[in-house]
Each structure stands twice: as structure tokens, then as C-alpha cells.
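The next block holds one structure in the form of C-alpha cells; read it before the comments.
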Amino acid sequence: MTRILFVSPTGTLTNGAEKAGYYLMRHLVETGHNVVNVCNTNSDPALDEAAAEYLALMGAAGVEARPVQMGWWTPEDSASYLTEVAATRALVRIIQDLDIELVVTNTSNMPWGALAASLTDVAHFWWLHEFPEENFSYLEDRYDFIADFSSRIFCCSDALTRVVEQKVNAVNKVTPIDTLRPFTPAPASLVTDSSDINQIPSRIVSLGRIEKRKNQTELVQAIGALRRDGIDLPVLFIGGWDEAYLNSVKKTADEESVSDRISFVGFQSEPWKSVNANDIFVQCSITETLGLAFIEAMLLEIPALSSNNAGAVEVDGLLNANALYPLGDIVTLAARIASLLQHSKQAHARARSIGQRATGVLSVQNCCQPMVSAVASFVPGSVRGSVEHLEPYFSQYIDDRSFLIAEKTTVLTNQAQQIARLQSEVDRQARHSQAQQAELTGIYESSTWRVGRAIGTPVRLVRRIFTRIRR
């Protein structure tokens, strides 16, 4: 049994990396390992329910979840250095308190687990899910750090493995790199099963966050082309959204005169329960490292299409699915959808065959085996290199700590000087009081002598007179 600490990016199952991490952790527990998951705290009230569900699922899987606030290491996030220092401290304490033997970071976007592992002399695996492009282009120059602070690197697809190998070799690093495909099970159910397939109309269904990288405007344009050709299809978009891009999709729908056929249902914790057996899944992503929604659609045995992004090309090749269209080619996309509708019986038979292949090729044992083998054979102890890429966080922290120390030193110096001035004034007042006391004493003593002398002379005269009378 190995005591393993995972570091997870969001604390919800609203993205592929977290879903993949959940199933991998669950499998590691089932194979006898002790797994703790430090997950990011949720900061979006709209995802409170998803965050609670995440923690419940972790507990049910035998994984101890510990939420810790952590930021990413994007350039704009460097201002949150106090959060990152606190997160690194928390990770170090957890590693030490639980006697962790191996740390696994489940995203390219957070280095804090790698740093904490290095500080505690513990081995670290890094599981990468993101291409260094679009929102993640800042990763382009971080691979020297990733390689230096990893005992082993895993990538979620062969396509990403090739990219990372190129980047790591370019900075003269020799860290082992393997592909670790994420496992995803067949979704639990559909609203209708195949026996009802002739009773319901077909729809186009798209799962995933509505954002530029997912490229939903391309699907809307294809639906417009189909409508102009007399094929009128409803479209269901399932997933949260970037507000600006959502407005762009709606604008395109207005331009294509299909707004009345498009529905946005937002984030759904069980999105496939909104899908019918006669629906067609379409994904138009500009980039996917693998594409779990594409895989899940195939596992559900419904017809599926995807743009020929790198991840989809890999999945399509693994399953011999022939389910791709050229990214940006709206005419071909519309034609492929029309063909699936026209040859519905054959399309569904082929979807069932692809789904059965996917169940075997992408089983949990096959997907998780590279990690299971690596955990069984890893060498204890950390690796480390330059922390140059953390400089915006920790140098600012050090500068601010130095400034605060200097500021406090100045305050203490001023207070000491004020105390010295007060002490000097007290001493001066004391000397003045002593002088006044001495003066008053002198006056008193002088007055007493004169009074005593003045009184003493008549007394002596009276005594003499009295003595004479007695004689």
C-alpha cells in the first residue's frame, strides 16, 4: 500500500481533468492504496451543489478529500501570492502529518503540489491535460520546471505526450513521459432507450462549456445551413458558459435564423439524462486533449461527430469510428449530420458497434494501468530544480515580508525614541522636583530656627524672673 496525495484543480466534476482524477483515485483505492485528495475550494456559488456532490463522491470512493484554497500559476494570478504561500504550507503539513509517499498533481496549471513534494523530499508525478495554447499558452515556457519537479510525467493522450516530449527535450530534460488516458464509464442512462427510437424526433446535442475553445458557433452555422436545405433540427446545448461567448453564439443563431430551435440548459450534474437515444452528439472543439464527452457519447451508443482536433483524432483512431469532420468546414459538417439522419438505422447500428469497442479498449484497467505500474515501481525521494517560474509569487512575498518587517522596525524605533524622550522628560521632572524639595526643606529648616529663637528668648526671661521670685 502506498500513501498517495492528489492535488486537484477545481473541487468539482465540471471538467475532464477532475472526472479523470476521480476515477483514477477510486481505482487506486480499489487496488489497495491509501489516497488523499487536496482539492481546490469552490469560489462560485453557482457550483456549491457540484462541490458538495464532489466531496460526497470522494468519500464514497474511500478518498479523503481536503479542500484548500489554491490559485493557478497564470501570469495574472501572481498577485494572489499569499494564497499560494498558504497553500504550499498546507500541502507540506498534510504530507508530513500523513506520512505521504507520493504526490500526484492532476493539472498543468498548479505547481504547489510539486513544490511541496520537493520541500518534503517526496516523489512527485505530474498528470498533464492541457495543450500549451489558447487559455493555456502561458504553459509554453513552464516545461523546464515541470520536468525538473517531476519523477515522472503523464499526459492524457498520445497527442499531448508528443507535444510535451518535444518541449521537454527542447530544454534538455530527461524526465520519463508516458500516456495515461483518462477513464470514463458509460453514463448511467438516457431518457429513452433504443426501443423508443422510432417514437421520438432526433435532436443535435452538444455537451461542454460554451466558450471560444469549444467553438459552438460552428455548429449553429451548420444548423442554419441544414434549415436552408429543408432539414429543421432542434439543438440542445448542455453546460455552463462564458457570457461574452454565449452572446456570440446567440448572435450567430439570430443571423442564421435558428434562434427558435436552440436551447441552453446550463450546467447539469448528470447531463446525459437530458439526452435521448435518437439524438446525435456533435462536438466542434478547436482543441481537445482527448475529449471525454466524445467518448461518453460513443459509450452510450448514440451517433457522434467531432471536429478533427488532436484528441478526437486519437479517439477516432483507437475505436475505428470514422466520426470526424474537418474543423471549420461547415458544409461537410452539415452533410455528415444530414447523412446520419438519412441513414438512421445504419448509423445507430454502427454506434452500437463503436460503443462495444470503446468499453473494451477504454476500460478502467487499460486506462489506469500506466499509473498502477508507476506507483508499484517509483523510487522514493524528490527531484528539484530552479524555482524561477515561481519568482513572481515568492519574490513578491519576500519583498512584502521585508517591507513589513522594515515598516514594523521603523515603528518600533520611533516608539523607542518616543519612550526615550518621555524618560528624559520624566528624569528632568524628577530632578526639578528634587530641587524644589531641597529648596523647601531649606526654607522650612530656616523658618523653624528663627521661630524657635524668637520663642525661646521670652521663655528664658520668664524662667529667670520666676526663679528670682522664688528666692
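Numbers for residues simply follow the sequence, beginning at 1.
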Item checked: Pairwise salt bridge (charged side-chain N to carboxylate O under 4.0 Å, His left out) hits with a residue in residues 204-215, at least two apart -> Arg209-Glu211, Glu211-Arg213, Lys214-Glu288

Check: Checking side chain to side chain donor-acceptor pair (under 3.5 Å) against Asn109, which of Thr107, Asn106, Thr105 comes through?
Finding: Thr107

Item checked: Selection residues 315-328 - residue pairs positive for salt bridge (charged side-chain N to carboxylate O under 4.0 Å, His left out), sequence neighbours left out -> none

Next item on the list: Show the numbers, then the answer: is there a side chain to side chain donor-acceptor pair (under 3.5 Å) between Ser259 and Asp254?
Entry: CA-CA 6 Å; Ser259 296; Asp254 288 338; 2.4 Å; yes

Check: Do Ile231 and Leu233 have side-chain heavy atoms sitting under 4.5 Å apart?
Finding: yes

Notebook entry, point to check: Can you check whether Phe281 reaches Phe294 side chain to side chain, under 4.5 Å on heavy atoms?
Noted result: yes

Checklist line | Exercise: identify the closest heavy-atom pair between Leu299 and Thr184 | finding: CD1-O, 3.3 Å

Note to self: Would Asn278 and Ser202 count as a side chain to side chain donor-acceptor pair (under 3.5 Å) here? Give the steps.
What the structure shows: CA-CA 5 Å; Asn278 208 26; Ser202 293; 3.0 Å; yes

Next item on the list: Could you pull out all residues at least two apart from Arg181 that satisfy salt bridge (charged side-chain N to carboxylate O under 4.0 Å, His left out)?
Entry: Asp158, Glu314

Next item on the list: Quick one: list whatever passes side chain to side chain contact (heavy atoms under 4.5 Å, CB included) with Asn247, sequence neighbours left out.
Entry: Glu243

Next item on the list: With sequence neighbours excluded, give me every ring-ring contact (aromatic ring centres under 6.0 Å, His included) pair touching residues 209-231.
Entry: none

Note to self: Listing request: all salt bridge (charged side-chain N to carboxylate O under 4.0 Å, His left out) pairs with a residue in residues 99-119, at least two apart in sequence or in separate chains.
What the structure shows: Arg3-Asp99, Arg3-Glu101

Checklist line | Sub-4.5 Å side-chain heavy-atom contact between Leu219 and Ser206 | finding: yes

Check: About how many Å separate CD1 of Ile95 and CG of Leu119, when rounded to the nearest 0.5 Å?
Finding: 8.5 Å

Checklist line | Considering all heavy atoms, the nearest Cys284-Glu218 contact | finding: CB-CB, 4.2 Å

Notebook entry, point to check: Got Cys156 and Pro182 here, is their nearest side-chain heavy-atom distance under 4.5 Å?
Noted result: yes

Note to self: Is it the case that the side chain of Ser373 and the backbone of Gln369 share a donor-acceptor pair, with hydrogens and angles ignored and the cut-off at 3.5 Å?
What the structure shows: yes

Item checked: Step-by-step side chain to side chain donor-acceptor pair (under 3.5 Å) determination, Thr41 to Gln69 -> CA-CA 5 Å; Thr41 54; Gln69 186 179 2; 5.0 Å; no

Checklist line | Interatomic spacing from CD1 in Ile262 to CG in Leu236 - rounded to 0.5 Å | finding: 10.5 Å

Next item on the list: Measure across Trp272 and Ala293 and return the closest heavy-atom pair with its distance rounded to 0.1 Å.
Entry: CZ2-O, 3.7 Å

Check: Between atom OG of Ser150 and atom CH2 of Trp127, what is the distance when rounded to the nearest 0.5 Å?
Finding: 14.5 Å

Note to self: To the nearest 0.5 Å, what is the distance between OH on Tyr325 and OG1 on Thr332?
What the structure shows: 10.0 Å

Note to self: Tell me which pairs pass salt bridge (charged side-chain N to carboxylate O under 4.0 Å, His left out) where either residue lies in residues 257-267, with sequence neighbours left out.
What the structure shows: Arg227-Asp260, Asp232-Arg261

Checklist line | Any pair counted as ring-ring contact (aromatic ring centres under 6.0 Å, His included), so long as it reaches residues 156-185, sequence neighbours left out | finding: Tyr23-Phe183

Checklist line | Residue pairs involving residues 56-65 (criterion side-chain hydrogen bond (donor to acceptor under 3.5 Å, both in side chains); sequence neighbours excluded) | finding: Glu64-Arg66

Note to self: With a 6.0 Å cut-off on the ring centroids, do Phe145 and Trp73 count as close?
What the structure shows: yes

Next item on the list: Check whether any side-chain heavy atom of Arg336 sits under 4.5 Å from a side-chain heavy atom of Leu340, and report yes or no.
Entry: no

Next item on the list: Check the pair Thr287 / Glu133 against side chain to side chain donor-acceptor pair (under 3.5 Å), numbers first and verdict last.
Entry: CA-CA 9 Å; Thr287 178; Glu133 56 190 35; 2.9 Å; yes

Next item on the list: Please confirm whether the backbone N or O of Ile204 pairs with a side-chain atom of Asp279, one donor and one acceptor, at under 3.5 Å?
Entry: no

Checklist line | Minimum-distance pair of heavy atoms, taken over all atoms of Ser307 and Leu324 | finding: O-CD2, 3.9 Å

Check: Do you know the tightest heavy-atom contact between Trp112 and Gly71?
Finding: NE1-O, 2.7 Å

Next item on the list: Output the distance between atom NE2 (His124) and atom CG (Asp148), rounded to the nearest 0.5 Å.
Entry: 12.5 Å

Check: If we only count heavy atoms from C-beta on, is the Val104 to Leu5 side-chain gap below 4.5 Å?
Finding: no

Item checked: Side chains of Leu24 and Leu180 in contact at under 4.5 Å (non-hydrogen atoms) -> yes

Check: Salt-bridged, Glu165 to Arg162, with N to O below 4.0 Å?
Finding: no

Notebook entry, point to check: When rounded to the nearest 0.5 angstrom, what distance separates CD1 in Ile302 from CD in Glu296?
Noted result: 10.5 Å

Next item on the list: Please check if the side chain of Ser344 supplies one atom and the backbone of Leu341 the other of a donor-acceptor pair under 3.5 Å.
Entry: no

Check: Hey, does the side chain of His33 reach the backbone of Val372 with a donor-acceptor pair shorter than 3.5 angstrom?
Finding: no

Next item on the list: Would you please name every residue forming a salt bridge (charged side-chain N to carboxylate O under 4.0 Å, His left out) with Glu256, sequence neighbours left out?
Entry: Arg228

Check: Is the backbone N or O of Cys39 less than 3.5 Å from a side-chain atom of Ser8, with the two atoms forming a donor-acceptor pair by type?
Finding: no

For residues 47-60, which side-chain donor-acceptor pairs fall under 3.5 Å, sequence neighbours excluded?
| unit_1 | atom_1 | unit_2 | atom_2 | d |
| --- | --- | --- | --- | --- |
| Asp48 | OD1 | Asn42 | ND2 | 2.9 |
| Tyr54 | OH | Glu18 | OE1 | 2.9 |
| Tyr54 | OH | Asn37 | ND2 | 2.8 |

Checklist line | Phe264 and Trp241 aromatic ring geometry - parallel, tilted or perpendicular at 30°/60° bounds | finding: perpendicular

Notebook entry, point to check: Are Asp178 and Arg152 ion-paired here, with the side-chain N under 4.0 Å from a carboxylate O?
Noted result: yes

Next item on the list: Apply salt bridge (charged side-chain N to carboxylate O under 4.0 Å, His left out) to Lys19 and list each qualifying residue two or more places apart in sequence or on a separate chain.
Entry: none

Check: Could Lys250 and Tyr245 be counted as a cation-pi pair, given that NZ or CZ must be under 6.0 Å from the ring centre and within 45° of the axis?
Finding: no

Notebook entry, point to check: With respect to Ile177, which candidate in Thr161, Leu128, Leu160, Asn169 satisfies the side-chain contact (heavy atoms from CB on, under 4.5 Å) definition?
Noted result: Thr161

Notebook entry, point to check: Got Arg203 and Val235 here, is their nearest side-chain heavy-atom distance under 4.5 Å?
Noted result: no

Notebook entry, point to check: Can you name the closest pair of heavy atoms from Pro370 and Thr179 and give their distance?
Noted result: CG-O, 3.5 Å

Margin query: For Phe154 and Phe125: C-alpha separation, side-chain torsions, deciding distance, then whether ring pair (Phe, Tyr, Trp, His ring centres under 6.0 Å) applies.
Written below: CA-CA 7 Å; Phe154 291 99; Phe125 293 169; 5.7 Å; yes

